[in-house]
Amino acid sequence: MDPADIGGLGLISAMPLSAFFAIVIMIVSFFVTVTQSTDRKFLLLFQIAAITFALHGAGAIVADVPRFPTAYVHAGFVDFISRTGETAPMLDARMAWPGFFALFAFVGKAAGITDFTTILNWTPLLSNLLYLLPFVLILRQVVATTRARWFAALLFILVQWIGQDYFSPQGFTFALYLAFVAILLRWFGKVDPRTKPMPDKGRVRKLLARLDSMLPGELAITGTFRADKLLMLLMLIALLFAATASHQITPFMMLGVLTAFLLVKRTSLTWALPFFFGLVVLAWISYQTVGFWQGNMESIFGGIGRLLENLQRGTGDRIQGSDPIHALVLQTRLGICATVLLLAAVGLLRRLRRGVFDRAALVLLCVPVLAMGLQSYGGEMGLRVYMFMLPGACLLAAYAFFPNLPADSEDASEETVPFRQRNVRFNPRVTKIVSIVLAACVALALSMAFLVARYGNEKFERVTTGEVAAMRYVYAHDKPSARVLYLVPKVGPETTPILPWGEKDFEKVDFTQQALVHKDPANITEAVATLKAGERNTFLAVTRGQAAYLQLNEGFPADWYDRFVAALDRSKEIKKVYSNDDAALYTWKKFVKGSEIPDPRYVSGGPGDPGSPWDLVGVLALGVTWLTLFAYEVIRLHGRDKAPRARRRLLMVAVPAFLLAVGVIVERFLYIGLNMFQ
């Protein structure tokens, strides 16, 4: 593949025809295996892994250096923690959730890894292979045919285009989320048959009772030892703690799923655990992320309740102003999302017509949507919601083609006929063939759409060796500090540099400054003025990746990069200090005497947590609450009727301690927030 052939549709415009034939062959062979009467688990798993490699590994295969610019700054966080042994949330809010970065800093030191290039390059593929393991475990806990389960696993690979699986906390914690859900269903799932009589009055009550009386779509858990449950309870707590320390959104998704499972009666755990987990999340935000929320109240709470606005920022706003060809990429992404949701709705209805109510799948589909009402998350909340919806959506979408129940014995047919015989209008054999063919056609269409959706931004998401070399020139000249100006069509706080930025010297190089540019490449006035206003060691970075982003998303001319560089070269006020085929760096020619050496950017320690008078009381209340709620849950594992008096006593201690801990957390928000404005 020649990278120069990459156009507005991304990688697909440069891929050879043999790549498309290979993907078609693998998907067809998958369905040939699925149609066999024997459940060939290892072969099917290998085929799905091969399809994953072909789709999610394509970018890594053709890349000279790791793609996706933001992965580099995450590597820079890891490098900083490895060198200094501390975090710096005052420099970047993401460092207030350092769990992921600290983990890889430890792994890097333990394994003697100093260059994370290979890890960054192959993380997307390895992440998707890792996601398959807990998702397959989730599929084993549902009442479905073999075809439905394996097709759901295939769909999970084909529609995961959003690209959050790179070297990032969100990609890592999504695996934790899937493992969390798998443990809930496998070791703490509950299926209680309805024993209450049907209500006599009320349409809503009758509808809910009818749904409650349907056959559950999940398998009942039997024969699990208490020691296994205790171990898995500790694992749930560990997963929640790891996610809380690593990412802002994932623990809320875990908490929401657990709470919803309790509401729909699909877990044997008690209500003590959601309060335990909720207090963990609140405590981390209150005590460990002060540097973030102290000055970002508007960004945290400003989007609460703005569901339509947050959705618009994540969808419609991304299409407006795009290149006409590149707009097809964004429309393809929305089309895949709409297709998955439509298939999920059809699958849910087909299961309901067969008397099956899939509560767990519906919970996994609907709970993430609630996050849309919180905030836009820099315009990316829609992407995160879609990612967390995928487990439930793919499972329900598989039921659109294979809704029947599995056979209750090996001697019986591989799937049961529908409960309502009057609804059987076609020959079951014909229906089975048609379902397989339709599913295969949808899978083939989604695989081609995946290549457009996933790699449609490749023209600016791919990183070149020239761009990396330019940034490393900055790192070699950042003593004691440096600043890099990146190009933007409009100045704003939510614009991310389209650069392989922050890979080294995270505490020395400032990448927060922006240079305004225009569609007319000869208009360099604002960019030069911004560079002039900067200190010594301020670099204006011009790269082909930034130019491609401006071309495809803002309507800039195709030859904008070359003409803009030529205009900068003609300027007598700035000088070019580094250049190659893909990047150029400029600085101001003359500086005022005394400004030759800029001040260091980072001072170890920072302002720290100002604290409040009730902190010690709050910490003690947290400890008491967690211990009592954990003890309550452990006793409850022995049975619903075990030690009722001991559990009541534990609650008598846990409830006031919980209220006191929450009160101190609220007091901290008010006390620190009010002191900030004094």
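When reading the values below, keep in mind they use all heavy atoms of this one structure, side chains included, and skip hydrogens, waters and symmetry mates.
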When rounded to the nearest 0.5 angstrom, what is the spacing between [atom1] in [X] and [atom2] in [Y]?
| X | Y | atom1 | atom2 | answer |
| --- | --- | --- | --- | --- |
| Leu215 | Arg354 | CG | CZ | 13.0 Å |
| Gln160 | Arg454 | CD | CZ | 7.0 Å |
| Gln170 | Asp165 | CD | CG | 9.5 Å |
| Leu11 | Asp5 | CG | CG | 10.5 Å |
| Leu255 | Leu240 | CG | CG | 7.5 Å |
| Phe20 | Ile25 | CZ | CD1 | 13.5 Å |

Closest contact, heavy atoms only, [X] versus [Y]:
| X | Y | value |
| --- | --- | --- |
| Leu395 | Ala361 | CD2-CB, 3.8 Å |
| Pro274 | Thr259 | CB-OG1, 3.9 Å |
| Pro251 | Ala243 | CD-O, 3.8 Å |
| Leu178 | Ile138 | O-CD1, 3.8 Å |
| Arg149 | Val142 | NH2-O, 2.6 Å |
| Tyr131 | Gly171 | OH-O, 2.7 Å |

Self-check item: Worked check of side chain to side chain contact (heavy atoms under 4.5 Å, CB included) between Trp150 and Lys41
Solution: CA-CA 9 Å; Trp150 285 110; Lys41 296 182 178 64; 4.2 Å; yes
Report yes if the side chains of [X] and [Y] come closer than 4.5 Å at any heavy-atom pair, otherwise no.
| X | Y | result |
| --- | --- | --- |
| Val159 | Cys394 | yes |
| Leu348 | Leu362 | yes |
| Met389 | Leu341 | yes |
| Val280 | Ile237 | no |
| Leu343 | Val442 | yes |
| Val34 | Thr146 | no |
| Leu263 | Val363 | no |
| Leu236 | Leu258 | no |

Give a yes or no on whether the backbone of [Y] and the side-chain of [X] come within a donor-acceptor separation of less than 3.5 Å.
| X | Y | answer |
| --- | --- | --- |
| Gln141 | Ala182 | no |
| Arg333 | Ala453 | yes |
| Tyr455 | Leu55 | yes |
| Arg351 | Pro403 | yes |
| Arg266 | Ala360 | no |
| Tyr166 | Pro69 | no |
| Ser435 | Phe401 | yes |
| Ser246 | Pro169 | no |
| Arg350 | Ala400 | yes |

Exercise. Mind running side chain to side chain contact (heavy atoms under 4.5 Å, CB included) on Leu158 and Ile336 for me, showing each step along the way?
Key: CA-CA 10 Å; Leu158 297 181; Ile336 292 176; over 6 Å; no
Might you confirm whether atom [atom1] of [X] has over 12 heavy atoms from other residues, nucleotides or ligands at distances under 6.0 Å?
| X | atom1 | answer |
| --- | --- | --- |
| Phe275 | CZ | no |
| Phe46 | CZ | no |
| Met235 | CE | no |

Between [X] and [Y], what is the ring plane arrangement, given parallel below 30°, perpendicular above 60°, and tilted in between?
| X | Y | result |
| --- | --- | --- |
| Phe100 | Phe172 | tilted |
| Phe276 | Phe630 | tilted |
| Phe156 | Phe135 | parallel |
| Phe174 | Tyr177 | parallel |

Quiz item: Under a 4.0 Å N-O cut-off, is there an ion pair linking Arg186 with Asp228?
Solution: no
Practice problem: Answer yes when Arg359 and Asp212 have at least one side-chain N-carboxylate O distance shorter than 4.0 Å, and no when they do not. | Solution: yes
Self-check item: Trp161/Tyr386 under ring-ring contact (aromatic ring centres under 6.0 Å, His included): CA gap, chis, key distance, verdict
Solution: CA-CA 10 Å; Trp161 55 262; Tyr386 176 77; 5.5 Å; yes
Practice problem: Evaluate side chain to side chain contact (heavy atoms under 4.5 Å, CB included) for Trp187 paired with Leu231, printing each intermediate quantity in order. | Solution: CA-CA 10 Å; Trp187 281 274; Leu231 179 62; over 6 Å; no
Quiz item: Between Val281 and Met254, is a side chain to side chain contact (heavy atoms under 4.5 Å, CB included) present by the stated rule, with each step listed?
Solution: CA-CA 11 Å; Val281 178; Met254 292 177 171; over 6 Å; no
Quiz item: Is it true that Phe167 and Phe104 have ring centroids separated by less than 6.0 Å?
Solution: yes
